Amino acid sequence: MEKILVTKSSMPEFEEYIEEIRDLWDTHWLTNMGEKHKRLEHKLEEFLGINHVMLYTNGHLALENAIAACNLPKGGEVITTPFTFASTTHAIVRNGLVPVFCDINQDDYTIDVSKVEDLITDRTVAIVPVHVYGNMCNVEEIERIAHRYGLKVVYDAAHAFAVTYKGKSSALFGDASIYSFHATKVFNTIEGGAVCYNNDEWTQFLYDNKNFGIRNEEEISYVGGNAKMSEFQAAMGLCNLSHLKDEIAKRKSVVEHYRQRLSGVEGIKLLKEQKNIESNYAYFPVVFENYKYTRNEVHTHLLDDGISARKYFYPLTNAFDCYKNYPTAGVEKTPVAQHIALRVLTLPLYADLSVNDVDRICDVILK
Ligand SMILES: *Cc1c(COP(=O)(O)O)cnc(C)c1O
């Protein structure tokens, strides 16, 4: 049997990419904010309907720098969720801030906004919520809380590129939203990421941090790092962006087929479709709750059949070894997140996944 991987990166036709990078052999301009970098930033600003997109070499550095741009006092508390990729919590901690873990909703696995205010203390400085699987957080309630308590909000929107709420892009909420354009994401630049923001005053800081604080040949005015996106990455982005609509439509039809096969099955819980949200169909998570097999058993059955599914997100970030001495860590503080993390499996999903393959996957799960 042919193997089915959990994902398969979107790529343009070979010739299309070659055409896009051909002129790099004339210019020899491979990185340092070249023409393709500029063009991709502009196209993304247009696509997302936002004033500023700052490209980065990956989503994690975009997030670290977006949090840094909030200029928060060291040791300040940041309310976030543990049902996420390592990057979110690491970005908070690497900024000298303390993650305070809020539980998630049963239905869409985003931050449970009814529990946020209980976690606010006089040390709370920001909220870093995570959009999950192509679903979005309750952005209106988060905005209300942030406004009431004077908190900054940076969304980890790595899963929510091209997702809209009431027709508005996910890029437009909070002080900033960051995207990851990693190879496994709905839209990829091989490795890549971006900070989306509206505050003009952030531009210099975000730019300095990705280019050593170099203002011009003779003036280095800030102790910045290096996080530039190369021309080859930007070229992949330009190609992939032109096919994004088709890719999302194909993902949608894969998801619809999964739903047909798996909805209404006793013990299998599917992701709830959110009102007013146009999803990007980034992932297809299935939660096994009192199903005839446990999540781990299904995972193994699938592997035995050459199919890789992913325990995603598991473990929770507040269970990581590296946080075991943190007073705010511990999965018992976020029981819903722990419940889901122990039972969830994201099934293979990519634009070109065939109906036959979806059937093969569902047959294994249901047999
Ligand atoms: C992928 C991802 C990131 C990190 O993005 P990279 O581009 O891999 O650095 C951050 N947060 C979440 C939720 C992600 O899924």
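Predicted model, so just to flag it, every value in this text is computed and none were measured. For this chain, numbers begin at 1 and follow the sequence in order. In listed order, ligands and their atoms are each counted from 1.
Summary of contacts: the protein heavy atom closest to atom 1 (C) of ligand 1 is K185 NZ, 1.7 Å. In terms of protein heavy atoms, atom 3 (C) of ligand 1 is closest to F85 CD2, 3.7 Å. The protein non-hydrogen atom at the shortest distance from atom 12 (C) of ligand 1 is A158 CB, 3.4 Å. At the top of the distance list for atom 9 (O) of ligand 1, counting protein heavy atoms only, stands H60 N, 2.8 Å. Considering only non-hydrogen protein atoms, atom 11 (N) of ligand 1 sits nearest to D156 OD2, 2.7 Å.
In this structure, K367 places its NZ atom where more than 12 heavy-atom neighbours from other residues, nucleotides or ligands lie under 6.0 Å away. Within 6.0 Å of CG on N290 lie no more than 12 heavy atoms contributed by other residues, nucleotides or ligands. Atom CD of E143 sits in a sparse spot, with 12 or fewer heavy atoms from other residues, nucleotides or ligands closer than 6.0 Å. Within a 6.0 Å sphere centred on NZ of K311, other residues, nucleotides and ligands contribute more than 12 heavy atoms. Within a 6.0 Å radius of CE in M33, other residues, nucleotides and ligands contribute more than 12 heavy atoms.
Taking any N or O of E191, backbone or side chain, none lies under 3.5 Å from an N or O belonging to ligand 1. Annotation: S180 places an N or O atom under 3.5 Å from an N or O atom of ligand 1; distance criterion only.
Between L316 and V331, the shortest heavy-atom contact is CD1-CG1, 4.0 Å.
Counting only heavy atoms from C-beta outward, the side chains of L151 and T124 approach each other to under 4.5 Å.
In this structure, Y312 is part of the shell of residues with a heavy atom less than 4.0 angstrom from ligand 1. Residue-ligand proximity: G192 is placed with a non-hydrogen atom under 4.0 Å from ligand 1.
When heavy-atom distances to ligand 1 are checked against a 4.0 Å cut-off, H159 comes that close only through its side chain, counted from C-beta outward.
Heavy-atom contacts of T84 reach the following atoms of ligand 1: 13 (C) (cutoff under 4.0 Å).
A salt bridge does not link K115 with D118: every distance from a Lys NZ or Arg NE/NH1/NH2 to an Asp or Glu carboxylate oxygen is 4.0 Å or more.
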